[in-house]
Number of protein chains: 2
Amino acid sequence: MKSASKRDRILDTAEILFAERGFDGVTLRQIAEGANVDVALASYHFGKKLDLFRAVFMRRAPEINSARREALEQAKQAAGEQGLTVEPIIEAFLRPLELAQETGDKGWENYLALIAYINNSPYWGQQMMSEAFDELVEEFIDALRAALPNAQDSDLYWCYNNLSGALTLTFARTGRIDHLSKGLCRSDDFRAAYDHMIPFVAAGFREVCGKHND
Amino acid sequence: MKSASKRDRILDTAEILFAERGFDGVTLRQIAEGANVDVALASYHFGKKLDLFRAVFMRRAPEINSARREALEQAKQAAGEQGLTVEPIIEAFLRPLELAQETGDKGWENYLALIAYINNSPYWGQQMMSEAFDELVEEFIDALRAALPNAQDSDLYWCYNNLSGALTLTFARTGRIDHLSKGLCRSDDFRAAYDHMIPFVAAGFREVCGKHND
DNA sequence: CATGCTATTCAACGTTTGTTGAATACACAA
DNA sequence: TTGTGTATTCAACAAACGTTGAATAGCATG
């Protein structure tokens, strides 16, 4: 990160700090200090503070979307003519994030924590999340609708809401589960988190949206 | 709220604003203005800003805990000798919150949105949440362990993590599901939210923690 | 009425905030 | 070398921040 351009260092540092403390909990001076850069440079490159926040948020979204889309496409290929069932769809939605977190690139961990913050904030929540991710989410809902032909649409959306909540809490890595389980589970054990989340969520969809065709 | 004591009006207003914008997104002057009170009064009653935040957070926690504990006790009575199954345990954990949100007391809605904010914040998350709720959560984990005798403890905690995430996203009422579903689902339709969450979560627990004895 | 205690306001403090305009450094083309 | 545009720093702004000490009001009890 030392050799990256100053513009990128601002983005990287802002990503870390916004993920930890939220938009209002971070000052431009803290970001500038962390990036070893003058305060005014952030304004020069990104404009207002809110524009910097948006830039951080939008930077990695396309990569997530394409990774998920590709995983869904591969699952469809693998399923062949008999069509997709629930579990591979959920798997395609979630595993790319585990992979992102396991790259060792702390940037991804921070970015996903930032998403957790935004997704659960009534103030920031709806607009940015929808703008960045809803188009692709619809593709997954379509796949789930095909796999669960007896489901009502409202059931599918409510189930997606449960999925989204479980996922973003994992992003946040608050360490609460570490404390609650007395060290038995660790918030940063991504493998364990997703290995438990995928069957959990898939079973929930099947239960609520009808077990037929599965 | 007009006739409440000024001290209470500060708490009520702080609850609203903290839930919307988080700790750093709200100023003491905004709180004072909303409560129709001088700025210095908040410091007089509560000390530092952070102490006010804690006071807001801790105010309603005991009421949630006792409502949940009572619901669990009633479920145990109803189950009799054959012991509790998963679904009534989840129901006892979740329904009291639906009831709180349906009282029409906006204070409860705001408070739960505040919990959503804290639970997903790596900065605030662990300490306050654990302090307020973990003791009671352990009682529910115990009940689930009895209902799922083949479960490993780590499985139970990971499943609780999924439950916690789904629940707190519902608390946040970000309106994203309204947009995503094109109005088919509404974030403030608590009945629908819990009616979908309870079977979803119960099925997840049974799937991950073994279907035996259920 | 006087006394004492709590609640509330007033006024001000020293910092810190986001943002900006001018000044400087840098890179590269002519 | 000179010129030009971009990148970066410097210095400063007005506004807003949390917090505090002293002053005032309200209200019980004596």
Side-chain angles (χ1 to χ4, degrees), chain A residues 1-59 107 110 114 117-118 121-124 127-128, chain B residues 1-59 107 110 114 117-118 121-124 127-128:
Chain A
M1 194 168 112
K2 283 296 169 193
S3 61
S5 78
K6 300 198 174 186
R7 186 177 188 280
D8 286 342
R9 267 153 47 197
I10 291 174
L11 282 173
D12 291 335
T13 308
E15 193 171 57
I16 297 172
L17 297 178
F18 281 145
E20 276 177 2
R21 300 287 316 252
F23 177 78
D24 297 294
V26 176
T27 73
L28 290 175
R29 285 177 166 83
Q30 291 173 321
I31 295 172
E33 185 181 11
N36 242 316
V37 148
D38 188 85
V39 204
L41 196 56
S43 300
Y44 170 75
H45 280 301
F46 302 99
K48 311 285 188 191
K49 183 185 181 186
L50 184 57
D51 297 323
L52 169 60
F53 188 76
R54 282 187 60 90
V56 170
F57 180 75
M58 294 300 174
R59 179 167 61 150
N110 297 325
L114 178 62
Y117 165 74
I118 296 178
S121 158
Y123 194 80
W124 307 102
Q127 171 122 342
M128 284 196 186
Chain B
M1 193 170 112
K2 283 296 170 194
S3 61
S5 79
K6 300 197 173 187
R7 188 178 188 280
D8 286 342
R9 266 153 48 195
I10 291 173
L11 283 172
D12 291 335
T13 307
E15 193 171 57
I16 296 173
L17 296 178
F18 281 145
E20 276 176 1
R21 299 287 317 250
F23 177 78
D24 297 294
V26 176
T27 73
L28 290 176
R29 286 177 164 82
Q30 291 173 318
I31 295 172
E33 186 181 10
N36 243 317
V37 147
D38 188 85
V39 204
L41 195 56
S43 301
Y44 169 75
H45 279 301
F46 301 100
K48 310 285 187 191
K49 184 185 180 185
L50 184 57
D51 297 323
L52 169 60
F53 187 76
R54 283 187 59 91
V56 170
F57 180 75
M58 294 301 174
R59 178 168 61 151
N110 296 326
L114 178 62
Y117 166 75
I118 296 178
S121 160
Y123 195 79
W124 306 102
Q127 170 121 343
M128 284 195 186

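For the numbers below, each heavy atom of this structure counts, side chains included, while hydrogens, waters and symmetry mates do not. Just so it is clear: chains get the letters A, B, ... in the order the sequence lines come, proteins before strands, and each one is counted from 1.
Here the closest heavy-atom approach between residue B/Glu20 and residue A/Ser121 is recorded as O-OG, 4.4 Å. In plain terms, the two heavy atoms of A/Met128 and A/Met58 that are nearest each other are O-CE, 4.2 Å. What you find for A/Val26 and A/Ile31 is that their closest heavy atoms are CG1-CG1, 3.6 Å.
Regarding A/Glu33, its CD atom lies at a distance of 13 Å from the P atom of C/dG18, rounded to whole Å. One interatomic measurement links the two molecules: CG of B/Asp8 to P of C/dA7, which rounds to 12 Å at whole-angstrom precision. To the nearest angstrom, P of C/dA7 lies 9 Å from CG of B/Leu41. Between the CZ atom of A/Phe23 and the C1' atom of C/dT17 there is a distance of 12 Å, given to the nearest Å. Rounded to a whole Å, the CZ atom of A/Arg29 is 11 Å from the P atom of C/dT19. Taking atom NZ of residue B/Lys49 and atom P of nucleotide C/dT16, one finds them 15 Å apart after rounding to whole Å.
When ring centroids are compared, A/Phe53 and A/Trp124 come within the 6.0 Å threshold.
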Before giving the answer on salt bridge (charged side-chain N to carboxylate O under 4.0 Å, His left out), spell out for B/Asp24 and B/Lys49 the whole-Å C-alpha distance, their side-chain angles and the decisive distance to 0.1 Å. CA-CA 10 Å; B/Asp24 297 294; B/Lys49 184 185 180 185; 5.1 Å; no
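Between B/His45 and C/dT6 there is no side-chain N or O to OP1 or OP2 distance below 4.0 Å. Look at B/Tyr44 and you'll find a side-chain N or O under 4.0 angstrom from OP1 or OP2 of C/dA7.
Of the possible donor and acceptor atoms, one in the side chain of A/Arg9 sits under 3.5 Å from a partner among the backbone N and O of A/Asn36.
Heavy atoms of A/Ser43 sit under 4.0 angstrom from at least one base atom.
The residue among A/Ala40 and B/Leu28 whose nearest nucleotide of DNA chain D lies closer to the 5′ end is A/Ala40.
In 5' to 3' order, the nucleotides of DNA chain D bounding all contacts with chain A (an atom under 4.0 Å from a heavy atom) are D/dT6 to D/dA12.
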